[in-house]
2 protein chains.
Amino acid sequence: METGHRQDQRTATERRRTELLEAAERVVLRDGPEASMNAIAAEAGITKPILYRHFGDKSGLYRALAKRHTDALLATLRSALDSPGDRRDRVEATLHAYLSAIETRPQVYRFLMHPAETPAADGEKGFDVGRHQAPLLRRMGEDLGEVIAERLDLGPDSRQVARIWGHGIVGMMFAAGDWWLGERPCSRDELVRTLADLLWGRLTLAGDRAGSQGL
Amino acid sequence: METGHRQDQRTATERRRTELLEAAERVVLRDGPEASMNAIAAEAGITKPILYRHFGDKSGLYRALAKRHTDALLATLRSALDSPGDRRDRVEATLHAYLSAIETRPQVYRFLMHPAETPAADGEKGFDVGRHQAPLLRRMGEDLGEVIAERLDLGPDSRQVARIWGHGIVGMMFAAGDWWLGERPCSRDELVRTLADLLWGRLTLAGDRAGSQGL
DNA sequence: CGTACTTGTTACTTGCGGTAACAGCAGTCT
DNA sequence: AGACTGCTGTTACCGCAAGTAACAAGTACG
């Protein structure tokens, strides 16, 4: 029967694909994002052309690899966003979830956020600033914006405001987390509380320092 | 006279260096960060080894090139931070300065923020997540943290809080700016006002949407 | 059986980062 | 004058990684 054969082939191909992705993951986690296609192929027990047949080119493989992790991380964040408690509790839980994720697997984090993307391979020559480099940031920003828009009443332009805040808050989390992960200047808990304080407007309430011209 | 010669040579070398940097800048602005050393050398009217004598390796050249722009941008931001008006005015002025900078020269922005950094060239194999990739973000965060610490009284742990906020606010500005630059979903003014609202605690004040479980 | 398709190979091209090795051209020291 | 130093610049190469033919084998289908 033809369709049976075809389907067998299709699922077999998919399984092979995930096997290759797992091999690639092992290498990337060991050698960092600059892992070569040869190394990945060797780890998978095969040779380069097969990788190319499955993923087109290197950035294709990397995109496939990134998608798994971004999906997982986004699911984690979504569930933290749905955790019990008041608004502040939820925000803190989400920050904790993010920081905990990047803390326990810094190699994965580095791969997702600082991908290297060797040849850029744009094709079209538009000014598409920042389209390929860190899709995770964008997706997180969009997702958070949607959640905010769903749950908060922000007056007219509610959706627009929610999107801006989504990207802004995600960026805050990202930059603070990146810095924290590199320098470890304080405990995770302290970082979370201080960032939440920032979102809660403590910046507005702080007094000017004596002798300063005021911020 | 020896010192005269030495000094002539030194200044001549420095002038040559800036000439090479200017050529590199032209190429990078034309071809993006993936510009090859050959292309840069050709633009400067010379060949590769000279570039290597001056800058050591590619990342050396890129660092030298980046330093000029980061210094310039940081100076702009510092002066916006010192602009007249109340605290809110200063924050908005700074956001405007940043967004205006990335808007008018997106190629420079892309080069600074998404450098590509081909071989990673770590040397030491530590888990130095995110040390080379976007020094600008780190520097902006540190600088803003210092300014906040100088000017605001944040109680005990003041310096720590200020640093965290510095990196957080810079990250907010960065991610929102990157997204805005790519999609242009609203005017610069609206973006600035909405981000300032976020910092001013409007997130805390917003009411839950009917039918939602509350954020 | 031949046809078609998938999996795999070896061997190649192209291009880039980086490095010898060498040549010329100041000015300096003896 | 002539040897030494230090700069500018070259050509020609190495090593390596991305990506691509071209070809070999197994296997379901008519």
Side-chain angles (χ1 to χ4, degrees), chain A residues 1-21 23-24 27-28 31-65 115-123 132, chain B residues 1-21 23-24 27-28 31-65 115-123 132:
Chain A
M1 183 186 179
E2 191 196 71
T3 57
H5 176 216
R6 280 284 167 82
Q7 280 210 355
D8 283 1
Q9 287 308 90
R10 216 190 60 83
T11 66
T13 307
E14 295 239 325
R15 280 195 304 113
R16 195 83 184 96
R17 201 183 140 99
T18 71
E19 280 176 36
L20 298 184
L21 277 179
V27 177
V28 166
D31 299 351
E34 57 272 8
S36 81
M37 292 296 268
N38 251 325
I40 294 173
E43 170 73 28
I46 51 160
T47 50
K48 271 193 301 176
I50 306 185
L51 284 182
Y52 284 95
R53 279 219 267 268
H54 275 277
F55 301 103
D57 66 359
K58 186 169 191 173
S59 82
L61 199 172
Y62 276 34
R63 252 180 285 123
L65 197 49
E117 288 279 352
T118 27
D122 279 33
H132 295 280
Chain B
M1 184 183 176
E2 190 197 70
T3 58
H5 175 215
R6 281 280 167 80
Q7 283 212 354
D8 284 2
Q9 287 308 88
R10 217 190 60 83
T11 64
T13 307
E14 295 239 323
R15 281 196 303 112
R16 195 79 184 96
R17 199 183 141 98
T18 70
E19 281 178 36
L20 298 184
L21 276 178
V27 177
V28 166
D31 298 351
E34 57 273 9
S36 81
M37 292 297 267
N38 252 327
I40 294 173
E43 170 74 27
I46 51 162
T47 49
K48 273 194 300 177
I50 306 184
L51 284 182
Y52 284 95
R53 279 220 267 271
H54 275 276
F55 302 103
D57 65 358
K58 186 170 190 171
S59 81
L61 198 172
Y62 275 34
R63 251 179 286 123
L65 197 49
E117 287 279 353
T118 25
D122 279 32
H132 295 279

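Quick note on labels: first sequence line is chain A, next is B, and so on, each numbered from 1. Every heavy atom of this structure was used, including side-chain atoms; hydrogens, water molecules and symmetry mates were not.
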Subject >> Integer-rounded Å distance: C/dG8 P and A/Leu51 CG >> reply: 10 Å

Subject >> Nucleotide D/dG19, atom P - distance to CG of A/Asp57 in whole Å >> reply: 5 Å

Subject >> Pairwise distance OG1(A/Thr18) to CZ(A/Arg16) - rounded to 0.5 angstrom >> reply: 9.5 Å

Original post:
What's the CG-P distance between B/Asn38 and C/dT19, to the nearest Å?
Top reply: 15 Å

Original post:
Think A/Arg16 has a side-chain N or O under 4.0 angstrom from the OP1 or OP2 of C/dG8?
Top reply: yes

Original post:
So which heavy atom on A/Val27 is nearest to which on A/Ala39, and how close?
Top reply: CG2-O, 4.1 Å

Subject >> Rounded distance (Å) that lies between atom P of D/dG19 and atom OH of A/Tyr62 >> reply: 11 Å

Subject >> For atom OH of A/Tyr52 and atom C1' of C/dT9, their distance in whole Å >> reply: 16 Å

**OP:** Can you run down the side-chain hydrogen bond (donor to acceptor under 3.5 Å, both in side chains) pairs that involve residues 45-55 of chain B, sequence neighbours left out, and say none if there aren't any?
**Re:** none

Please tabulate, one pair per line, each protein N/O and nucleotide N/O from nucleotides 10-12 of chain D that are separated by under 3.5 Å, including the distance.
{"from": "D/dT10", "atom 1": "OP2", "to": "B/Thr47", "atom 2": "N", "distance (Å)": "2.8"}
{"from": "D/dT10", "atom 1": "OP2", "to": "B/Thr47", "atom 2": "OG1", "distance (Å)": "2.2"}

**OP:** Taking only the side-chain heavy atoms of A/Met37 (C-beta and beyond), determine which of C/dG18, D/dT8, D/dA18 contains the nearest atom.
**Re:** D/dA18

Original post:
Whole-Å distance between C/dG8 C1' and A/Leu20 CG?
Top reply: 12 Å

**OP:** Measure the spacing between CG of A/Leu65 and CG of A/Leu20 and express it to the nearest 0.5 Å.
**Re:** 11.5 Å

Original post:
Over how many whole Å does the gap from A/Glu14 atom CD to C/dT7 atom P extend?
Top reply: 12 Å

Original post:
How many Å lie between CD1 on B/Ile40 and P on C/dC16, as a whole number?
Top reply: 11 Å

**OP:** Under the side chain to side chain donor-acceptor pair (under 3.5 Å) rule, collect the residues that match up with B/Arg17, sequence neighbours excluded.
**Re:** none

**OP:** Taking all heavy atoms of A/Phe55 and all of A/Leu61, pick out the closest pair and write down the distance.
**Re:** CB-N, 3.6 Å

